[in-house]
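Structure first, commentary second.
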2 protein chains.
Amino acid sequence: MLDATSSYKIMDQRIPVDDRTGRRIVPETHSRADRLATTRYGNRPTMKDVAARAGVGLKTVSRVVNGEAGVTPETEHRVREAIEALGFRRNDSARVLRKGRTASIGLVLEDLADPFYGPLSRAVEEVARANGALLINGSSAEDPEREQELVLALCARRVDGLVVIPAGDDHRYLEPELKAGVATVFVDRPAGRIDADVVLSDNFGGARDAVAHLIAHGHRRIGFIGDMPRIHTAAERLRGYRAAMEDAGIEVADAWTSLGVTDPQRVRRAAEEMLSGPSPVTAIFTGNNRVTVTVIRVLAEHTRRVALVGFDDIELADLLQPGVTVVAQDAATLGRTAAERLFRQLDGTLLTPERIELPTRLITRGSGELPPAD
Amino acid sequence: MLDATSSYKIMDQRIPVDDRTGRRIVPETHSRADRLATTRYGNRPTMKDVAARAGVGLKTVSRVVNGEAGVTPETEHRVREAIEALGFRRNDSARVLRKGRTASIGLVLEDLADPFYGPLSRAVEEVARANGALLINGSSAEDPEREQELVLALCARRVDGLVVIPAGDDHRYLEPELKAGVATVFVDRPAGRIDADVVLSDNFGGARDAVAHLIAHGHRRIGFIGDMPRIHTAAERLRGYRAAMEDAGIEVADAWTSLGVTDPQRVRRAAEEMLSGPSPVTAIFTGNNRVTVTVIRVLAEHTRRVALVGFDDIELADLLQPGVTVVAQDAATLGRTAAERLFRQLDGTLLTPERIELPTRLITRGSGELPPAD
DNA sequence: TAGAGCCTGGACAACGTTGTCAGATGCGGG
DNA sequence: CCCGCATCTGACAACGTTGTCCAGGCTCTA
């Protein structure tokens, strides 16, 4: 019975959609209630069903499905018909169990919605796709515990590899996984207490260049608003800021640096404070794209011209008045490099963990070239 | 031997990190060559190994791992020690095979890097997380074949559900999957030739409002630059544009609409054409965020003031001169609603496919309120 | 002290696939 | 006509987990 009603072709689209007469054979839709009533989860057709219907052995179906040699065209045809008729789809879970590889990689980042991670994710996805793998991804929300939880869940799924933008600084929990052969690459920030591939931007150099740029334009009282120094990138950028100041022989006043603020409200207040008081800053260096955006808003409300250089590029930065000078990192290259290394690990081509540092680029657009408004 | 060197605690972090004496027991790092030499993929410890080491039966280990009742505290302790010592991690592939549910859902969208999809993905992820599921996602790059390929790959992994932003317009290939109980929700664009849940923005209404807004400010020659009408959202927005024009009794000149252009180069040319010639437009309605950004660039180069309303909000739109008036859709709500419906389908709470349309919001910031520069 | 009942633990099958290996079939040549 | 060989096919075990079911030991009560 089921055979009779489900014998239409599905997978190859050769359905003769005759709007006048075809209806009985090919119902356009099924109500969900129908579906649930007729099929409980798990009674999908299996290779066994296909084999029975085609009148062949189990292994023959497997051969057809996997394009292995040794099947007569005629037999293959019968099998394919059965597959189409039943709507069979290979169960990759079972396949994985048998074969050992899942053809999927995990990507753990901080926040899927952050524009910085969009291009990075896509780059990782593209490389994965080129290598026939799917991408499973999740956000840690900057929480080390959640990062670990996520990573271990991915390992339980037996992803072949992991691209991790770490939130925590101790990754020894990954030791058993690394030993078991899970390829792993850390991106954007280094791994903690573990020897693994790392792909980073030159946060220190980029920050130092940015601040040096401001100094070259005559600024001496330069503020820095950045994330918690617990985060490696934030710490490096802070270090770059300090290095540039020290190189110029400028002593940094406490009031000029604000660390760990991250929500717009507090960034706003931090900026306001730097801009007021007895010796207000004449320029601000912002530690990431979110901070930059907020500070742009604050500065827009001020009449006094304050110079600004931001870490990370932001869209439309060139159209603002003045254009926003930034230190841009190449998120796509970061992701692509990491993913490529991952697959080279899986190839066995890559044996020694390395630390790769990608250069940043100072893009001058106006805001960083404003003279001090003393 | 192996036992002796690997008996440190891993999973519960209770490692006595004694920097002076602890080193011999807990090696900080292993070279990857070591790992590959000693362990080929697949020889991870299994429950059987854990059982053998703890001197208990297989099922007892399973009970401990899954927190089932019926295990003496003392036995449980022995099992946990064995788990930690071996670095055992349950293989979810095997689990899935047995249980039938994978606790993962698939998200197919157009482009992970598009800022519109960032908040949407995150919303889906959050709901998934709240329901204990992982998110597998991929980009279709607006290619129907690739969409299908991706969706079917996800089905082969036996995801419990799918959130799809469709690229194609025929989804009958999903029939067997729906019958098999794969929960499915389409977002942003409707499903084709199949009866399924759909969550959309009110593209028609939003576009009509946008254009009516321009008309209310005195414009009559209004241009529209949008995506291929093959894409549902683009078609709806075009329809909204035309409806508003018709309501105002304005006949739309051919030269005013440009469809299917998508790369910056061609959008730029299309905009230039509208702005020149005998009867240039005095306002432009742009059909999506990418087009809007390009058109902003073009307009910035022109001296004549041209009004602009864009579909989709863009970051920093308020800081440009003038601020960019947009029709904003709520990507996060779109994603959240879809994901929530998905899990309600899985619950069995939800039986009838529905089409949900979310309102859009006109945000006036200046560019849409410019008078015609006739 | 015996019996009933409960609690813990373990043997075994099953999930759907793939690898191994041996059996069946057909063909051509001696 | 039969044998050998090549080609095609299928039975079976295994992957690592969980559900079922039963055995054995314990406690408690009569």
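Just so we're on the same page: letters track the sequence lines, and every chain starts at 1.
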query: Judged by modelled atom types alone, do Glu110(A) and Ser139(A) share a side-chain donor-acceptor pair under 3.5 Å?
result: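 Looking only at side-chain atoms, Ser139(A) and Glu110(A) do not form any donor-acceptor pair under 3.5 Å.
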message: If we count only N and O atoms by modelled type, under 3.5 Å, do the side chains of Asn66(A) and Arg90(A) hold a donor and an acceptor together?
response: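 Asn66(A) vs Arg90(A): donor-acceptor pair found between side chains.
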d([atom1], [X]; [atom2], [N]) in whole Å:
{"X": "Arg78(B)", "N": "dT8(C)", "atom1": "CZ", "atom2": "P", "answer": "14 Å"}
{"X": "Arg44(A)", "N": "dG16(C)", "atom1": "CZ", "atom2": "P", "answer": "11 Å"}
{"X": "Arg89(A)", "N": "dG16(C)", "atom1": "CZ", "atom2": "P", "answer": "16 Å"}
{"X": "Asn91(B)", "N": "dA14(D)", "atom1": "CG", "atom2": "P", "answer": "18 Å"}
{"X": "Asp92(B)", "N": "dT17(D)", "atom1": "CG", "atom2": "P", "answer": "9 Å"}
{"X": "Arg158(A)", "N": "dG16(D)", "atom1": "CZ", "atom2": "P", "answer": "9 Å"}
{"X": "Leu97(B)", "N": "dT18(D)", "atom1": "CG", "atom2": "P", "answer": "11 Å"}
{"X": "Arg157(B)", "N": "dT17(C)", "atom1": "CZ", "atom2": "P", "answer": "14 Å"}

Should the pair [X]-[Y] be classified as a salt bridge under the 4.0 Å nitrogen-to-oxygen rule?
{"X": "Arg80(B)", "Y": "Glu76(B)", "result": "yes"}
{"X": "Arg78(A)", "Y": "Glu74(A)", "result": "yes"}
{"X": "Arg158(A)", "Y": "Asp92(B)", "result": "no"}

For a quick test of reading the model: is some side-chain N or O of [X] closer than 4.0 Å to OP1 or OP2 of [N]?
{"X": "Ser62(A)", "N": "dT18(C)", "result": "yes"}
{"X": "Thr60(B)", "N": "dG9(C)", "result": "no"}
{"X": "Arg90(A)", "N": "dT18(C)", "result": "yes"}

message: If you only use heavy atoms from C-beta on, which nucleotide in dT17(C), dG10(D), dT18(C) is closest to the side chain of Lys99(A)?
response: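 The answer is dT18(C), which lies nearest to the side chain.
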- prompt: Side chain of Arg98(B): nearest nucleotide among dT17(C), dT17(D), dT18(C)?
  reply: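 Closest nucleotide to the Arg98(B) side chain: dT17(D).
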field: Min side-chain heavy-atom separation Ile83(A)-Val65(A) under 4.5 Å
entry: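 A side-chain contact under 4.5 Å exists here.
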field: Inter-residue atom distance Leu154(B).CG - Leu107(B).CG, 0.5 Å rounding
entry: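 It comes to 9.0 Å.
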message: Please report the interatomic distance OG(Ser121(B)) to CG(Asn137(A)), rounded to the nearest 0.5 Å.
response: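 Here the interatomic distance stands at 7.5 Å.
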query: Should we say atom CG of Asp143(B) is surrounded by more than 12 heavy atoms from elsewhere, each under 6.0 Å from it?
result: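 Counting neighbours around CG of Asp143(B), more than 12 heavy atoms of other residues, nucleotides or ligands fall under 6.0 Å, so yes.
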message: Which residues in residues 66-75 of chain A have a heavy atom closer than 4.0 Å to any atom of DNA chain D?
response: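 Within residues 66-75 of chain A, the residues near DNA chain D are Gly70(A), Val71(A), Thr72(A), Thr75(A).
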task: Nearest-nucleotide wise, let me know which of Met47(A) and Gly57(B) is further upstream toward the 5' end of DNA chain C.
output: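 Final value for this comparison: Gly57(B).
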field: Degree of bending, the helix from dT1(C)-dA30(D) to dG30(C)-dC1(D) (end axes from five pairs; round to 10°)
entry: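 The value is 60°.
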message: Between Leu178(B) and Ile194(B), does the side-chain contact (heavy atoms from CB on, under 4.5 Å) criterion hold? Intermediate values first, please.
response: CA-CA 10 Å; Leu178(B) 294 178; Ile194(B) 212 177; 3.4 Å; yes
field: Qualifying residue for side chain to side chain donor-acceptor pair (under 3.5 Å) with His171(A), from Gln148(A), Glu177(A), Arg193(A), Glu147(A)
entry: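 Of the listed options, the one satisfying the test is Glu147(A).
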query: Do you know which two heavy atoms are closest between Leu152(B) and Tyr173(B), and how far apart they sit?
result: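 Answer, listing the atom of Leu152(B) first, then Tyr173(B): CD2-CD1, 3.9 Å.
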- request: May I ask you to say what Val56(A) touches in the nucleic acid, namely base, sugar-phosphate or nothing, with a heavy-atom cut-off under 4.0 Å?
  value: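 Since only primed, P, OP1 and OP2 atoms lie under 4.0 Å of Val56(A), the category is sugar-phosphate.
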Can you pull every protein N or O that's under 3.5 Å from an N or O on nucleotides 20-24 of chain D?
none

